[in-house]
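Just so it is clear: chains get the letters A, B, ... in the order the sequence lines come, proteins before strands, and each one is counted from 1. Since this is a predicted model, take the numbers as computed values, not measurements.
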Number of protein chains: 4
Amino acid sequence: MPKETFFNLPDEKRALIEATAVSEFATHGYDNASINRIVAGAKIAKGSFYQYFHDKKDVYKHLMARIAEKKLDYISPVLQNPGDYDFFTLLQAAYRSGLDFARENPQIALIGNQVFKHRDHPIHQEIFKEGQDAGKAFYEQLLRLAIARGEIRPDIDIPFVIHILNTLNVATFEYYFESIKGNDFNMTEIDDDVMDTVDLFIDFIKNGIGTP
Amino acid sequence: MPKETFFNLPDEKRALIEATAVSEFATHGYDNASINRIVAGAKIAKGSFYQYFHDKKDVYKHLMARIAEKKLDYISPVLQNPGDYDFFTLLQAAYRSGLDFARENPQIALIGNQVFKHRDHPIHQEIFKEGQDAGKAFYEQLLRLAIARGEIRPDIDIPFVIHILNTLNVATFEYYFESIKGNDFNMTEIDDDVMDTVDLFIDFIKNGIGTP
Amino acid sequence: MPKETFFNLPDEKRALIEATAVSEFATHGYDNASINRIVAGAKIAKGSFYQYFHDKKDVYKHLMARIAEKKLDYISPVLQNPGDYDFFTLLQAAYRSGLDFARENPQIALIGNQVFKHRDHPIHQEIFKEGQDAGKAFYEQLLRLAIARGEIRPDIDIPFVIHILNTLNVATFEYYFESIKGNDFNMTEIDDDVMDTVDLFIDFIKNGIGTP
Amino acid sequence: MPKETFFNLPDEKRALIEATAVSEFATHGYDNASINRIVAGAKIAKGSFYQYFHDKKDVYKHLMARIAEKKLDYISPVLQNPGDYDFFTLLQAAYRSGLDFARENPQIALIGNQVFKHRDHPIHQEIFKEGQDAGKAFYEQLLRLAIARGEIRPDIDIPFVIHILNTLNVATFEYYFESIKGNDFNMTEIDDDVMDTVDLFIDFIKNGIGTP
DNA sequence: CATGAATGAGCTTTCATTCAT
DNA sequence: GATGAATGAAAGCTCATTCAT
C-alpha cells in the first residue's frame, strides 16, 4: 500500500505518476522496470518517489489493485447475475468486458495481463496468494453448474479446462492487440473487431474446429 | 552467429559451454541471465566468452538455433509425410513430439518455450523476424489442406486459429510441467501422463467443450 | 541551541520530543539516528522539527546539556563539599551518583556515556571543546588535594590518572549494564549490585590487583 | 575472504587499496565508511572493488585478519612462553608489543582497536564469534595461575578484572595517541614515551593509586 | 507556528563488455 | 587463442534538510 503522502497528492500529479509507472511496467515488465525512468518520466525527484511508495513492489501492487478496481467498471450486468445466463453467454460477456477495458486502457490492460502471463513470477505469486485460488474456485463452480445444466460435456477434465481458459484469456488480448496494432481505425470499426474476436473465441471454445 | 573460435573448440568444451548457458537462460530468463554465472559454470575465462560470442544476444540466438535443430530429431515419421495423415493426427504427433522432447530435455524445452511465451520481447522478435512467418505459413498450409479435405470447419478464421494453436502449445507444456512437478514417477507413468495430456488437448481443439 | 520556538512549546510536548530523541540517539548512536524516526515517534511534522532545532547536531547538543543538568540532581551532598571528605570517599560518591542516575534513567545515561566512549567523534569533540577541560581541571584539583593530604601516592602521573578515571567511568556503566541485562531484579537487589560494583572499582583504583 | 583477484594484484596496488581502506575505516568507522571514497582514494573503478571483495563486510574482515596477522610480528619472546614469567611481566610485554605495533602502524592500530571499543556492533560480534570468548578464557587462565602463585590478590572478582583489563587496553592506545598527537618527536623520545606509558599502566594495575 | 511534500546527493551492489598481456 | 583485471553506467533505496502553504 502506498503511503498517505501519495493519496494526498493533487489528482493530476497522482495520475501522471500512475500513468508513467503503468507505462514503464507495461513496456519493461516488473524486473526490468526502472524507478529512475519512472521518476524522470513523471518529473519528480527520486526521493519523492520513496515518499509515496515503500518500494518497487509497492507501486506495482498498487497499480494492480487500481487495475482490478478499474476493471470492475467494465463488468456488464450479465456478469452480476451469473445464475441467469448460460455458461457461454457469461464467458462472452466476460471477454467482452475485458476487451472493452483493454481497448480504452491499453497499457493498463497490458500490465494487468502480465499477472496471468507470468503466473510463476514471485511478485505475482505474492499478489495472488489468495486471489488466484479464489478465481479458480469461481471458474470451477461455473463449470460444474454448466455441466449440471447440460451446457457443457460432462466428460471434460475440469482443472485442465480452467488452465486453458486462463491461457486463452491472455491469448485473446494479445491477438486483439496485434491485430489492431499500428492502425487507427475509427471507433465503430474497432467495436466490430472486438465483437468479432470475442465471438471467434466463444465459438472455438464451444465447438472446437473439427467438423461436426 | 558465434565467432569461428567457438566452432574450433573441442566438442566436449563446446558442449559444456552450451549446456551451462542453456541452464542459465532456462533458470533466469534472457534478461536476468548472468554471463558471470555462465563463465563460472563452464569454467572458462570471461574474455574467452567474448572471443566465442559477440555478446549475450549472440549466445542466446545460437542456443535457439541449436534447439530448433535438436527438436528435429524428435519429429515423428508421421510429421515427415504430412500429406498422408489427417490434421488432428498430425497435431497429435506434433504435440507428442514436443512433449517427448521436453521430457528428455526439460531445460532446453523450457528455454525453447520462452520464445513463444514472451513473443513480444525484443530479443524474441528479433530471432523470429522471418522464422515465425515461416512457421505461420506452414500452419496455414496445413489448415487449408485440412479444410479442403473436410476435416476442419471451413468457416474458421485462419490467423486466429494459428494464434490459438501456438498459445495452446505453450499452455500444454506448462500444464504438463506443473502437473508432474515434484513427482518422480517412473517412466511408464510419465508416458501415460504425456499421452493423456495430449489427448485432452486434441479433443478440446477438435470438439470444444460444448454439448454436441 | 534550539530555537526560541522550541522553548515556547508546552512542557508536555517539549518533554515528549526530548524523550523520543533521547531514545533514538541511545539506540542508534549519533550517526545512525534518524530524524524521520524522531518526528514519527514524537508525532510532530518534519518541518516542525526544523523550526525547533537548527539541525541534527542542534538537538543532540541540547540533549547533552539537558543530561548534564539532570545529572546535577543526583549529586550527593558529599560531593557538594568536596573539602570535607577523602578522595576515595568522593570518588565512591561520584560513581554511586552516576549509577543511581543510570539506574533511574537508563537511556539518558546511555547517550550521556557515548560522549566519553566516542570522545574522538567530531560531534563530541565539538561538544566538549571547553567542557572537557573544565572537567579535567576539577579532577586535577581533587587529585592534587588528595596528594597533599597523603591519601594518594605523590608519584602518580596526573594527566594519565585522569584519563584512566574517565575511561573506568565508562567501563563501570558498561559492566553494570551487562551484568544486569535481561534481569528484572527488584529494587533492593539492584541497589546491592550497584554498591558492589562501585566497591569493586574503588578497591581496584585504590589498591590495584597486586599482592600487597 | 577477498576474491582471488585481489591476491593476484601487484603488491603495490594491493597495498594501496588496503591502506586506503584502512584509512577510511579508521576515520569513519564501519558504518560510515564509504566505498565511494575508498575507490576514489585508491584510484580504482567501483566495479573493480567488487571484483576484489564480495562486499563491505568482506574488506573489513580482511583488514582485521591482516591486522591480527601483522600484530603477531610484534609479539615479544616473553609472551611466547607465558609460563616462565610472572603476570605483570607478561602484561607489560603485551602492552609494549601493542604499543610498538601502534607506533609503527598508527591507522591500523586505530581500526584494530575499534573491535574492542565497539564490541557490541554486529560486525564485530560476527568477527569475534569465538575469538572473544577464547580471549577471555586465556585471560582467566593467566589470572588464576597468577593467583595460585601469589602474584595477585586472591579476593579479586575475575570477570570484573578481565573487563577492566580489556577496557584499559583500549585506553592505553588512546592515551598514547593523544599524548603524541601532532608532535614529531624523534624515535628515541617516542620509545621512551612508550615505555613510560606502559610502566604507568602496569604500576596502576598492580598497586592502584592509594598510599600503601 | 504547523505542516508535510520536495529535493538530490549519497549509499552499496551488479553487470555486460573491453582491453592489455 | 586464452586470460582475467578494468570499467562505469545503472540499479534500488535512504536521509538530512528546505520550501511553499
Side-chain angles (χ1 to χ4, degrees), chain A residues 3-10 13-14 28 31-39 43-59, chain B residues 3-6 8-9 13 31-40 43-59, chain C residues 3-6 8-9 13 31-40 43-59, chain D residues 3-10 13 31-39 43-59:
Chain A
K3 303 184 187 175
E4 236 191 281
T5 334
F6 181 63
F7 297 109
N8 293 342
L9 246 37
K13 191 166 188 182
R14 204 171 59 236
H28 299 91
D31 283 324
N32 293 37
S34 155
I35 306 282
N36 274 345
R37 277 192 298 253
I38 293 177
V39 299
K43 277 166 191 159
I44 57 173
K46 213 185 303 184
S48 298
F49 179 90
Y50 284 92
Q51 298 249 43
Y52 306 148
F53 307 103
H54 292 95
D55 52 21
K56 198 182 185 180
K57 211 156 65 176
D58 194 30
V59 219
Chain B
K3 302 182 187 175
E4 235 193 87
T5 39
F6 181 62
N8 294 341
L9 247 34
K13 191 167 185 180
D31 284 322
N32 294 0
S34 153
I35 305 282
N36 272 338
R37 278 192 295 254
I38 293 176
V39 299
K43 279 166 192 161
I44 58 172
K46 192 93 144 276
S48 299
F49 180 91
Y50 283 89
Q51 241 156 357
Y52 304 149
F53 307 102
H54 293 93
D55 52 20
K56 199 182 187 181
K57 214 156 61 177
D58 194 29
V59 220
Chain C
K3 303 183 187 174
E4 229 189 279
T5 40
F6 181 61
N8 293 342
L9 246 34
K13 192 166 184 182
D31 284 323
N32 293 2
S34 153
I35 304 283
N36 271 339
R37 277 191 297 254
I38 293 177
V39 299
K43 279 167 190 157
I44 57 171
K46 193 92 145 274
S48 300
F49 180 90
Y50 283 91
Q51 240 155 1
Y52 304 149
F53 306 103
H54 293 93
D55 52 20
K56 199 182 186 181
K57 213 156 62 176
D58 193 29
V59 220
Chain D
K3 302 184 187 173
E4 237 191 280
T5 335
F6 181 62
F7 298 108
N8 294 342
L9 247 36
K13 191 167 186 178
D31 282 325
N32 293 38
S34 155
I35 306 282
N36 274 344
R37 277 192 297 254
I38 294 178
V39 300
K43 278 166 190 159
I44 57 173
K46 213 184 303 187
S48 297
F49 179 89
Y50 285 91
Q51 297 251 42
Y52 305 149
F53 307 103
H54 293 93
D55 51 21
K56 199 183 185 180
K57 211 156 66 175
D58 194 29
V59 221

Please list, chain by chain and in numerical order, all residues satisfying side-chain contact (heavy atoms from CB on, under 4.5 Å) with Asp58(D), sequence neighbours excluded.
-> Pro2(D), Phe53(D), His54(D), Asp55(D)
For every nucleotide of nucleotides 16-21 of chain E, 5' to 3': is a protein heavy atom under 4.0 Å from its base (B), only from its sugar-phosphate (S), or from neither (-)?
-> SBB---
Paired stretches of DNA chain F - 3 or more consecutive Watson-Crick or G-U pairs, each distance under 3.5 Å = E:2-21 with F:2-21
Separation of atom NE2 in His28(A) from atom C1' in dA10(F), rounded to whole Å | 13 Å
Whole angstrom is fine here: how far is it from NZ in Lys43(C) over to C1' in dT3(E)?
-> 17 Å
Quick one: salt bridge (Lys or Arg N to Asp or Glu O under 4.0 Å) partners of Lys3(B), sequence neighbours excluded?
-> none
Does Ser48(B) put a side-chain nitrogen or oxygen below 4.0 Å from OP1 or OP2 of dT3(F)?
-> yes
Under 4.0 Å: is that the gap between some side-chain N or O of Thr5(D) and OP1 or OP2 of dA5(F)?
-> yes
What residues form a side-chain hydrogen bond (donor to acceptor under 3.5 Å, both in side chains) with Lys13(D), not counting sequence neighbours?
-> none
Reported CZ-to-CD1 distance for the pair Phe49(A) and Ile35(A), which is rounded to 0.5 angstrom = 3.5 Å
With sequence neighbours excluded, tell me which residues meet side-chain hydrogen bond (donor to acceptor under 3.5 Å, both in side chains) with Lys43(A).
-> none
Which pair of non-hydrogen atoms, one from Lys46(D) and one from Val39(D), has the smallest distance, and what is that distance?
-> CA-CG1, 4.0 Å
Between atom CD1 in Ile44(D) and atom P in dG4(F), what is the gap in whole Å?
-> 19 Å
Residue list, salt bridge (Lys or Arg N to Asp or Glu O under 4.0 Å) with Lys57(A), at least two apart or on another chain | Glu126(A)
Grab the NZ-C1' distance between Lys3(B) and dG1(F) for me, whole Å please.
-> 12 Å
Could you check how far CD1 of Ile38(D) sits from C1' of dT12(E), rounded to whole Å?
-> 11 Å
Output all residues satisfying side-chain hydrogen bond (donor to acceptor under 3.5 Å, both in side chains) with Asn8(D), sequence neighbours left out; order by chain, then residue number.
-> none
Just wondering, do Asn32(C) and Asn32(D) contact through their side chains at under 4.5 Å, heavy atoms?
-> yes
Rounded to the nearest angstrom, tell me the gap between atom CZ in Phe7(A) and atom C1' in dG4(E).
-> 16 Å
Within less than 4.0 Å of OP1 or OP2 of dG4(F), is there a side-chain N or O belonging to Asn8(D)?
-> no
Within this structure, what is the OH-to-P distance between Tyr52(B) and dG1(F), rounded to whole angstrom?
-> 10 Å
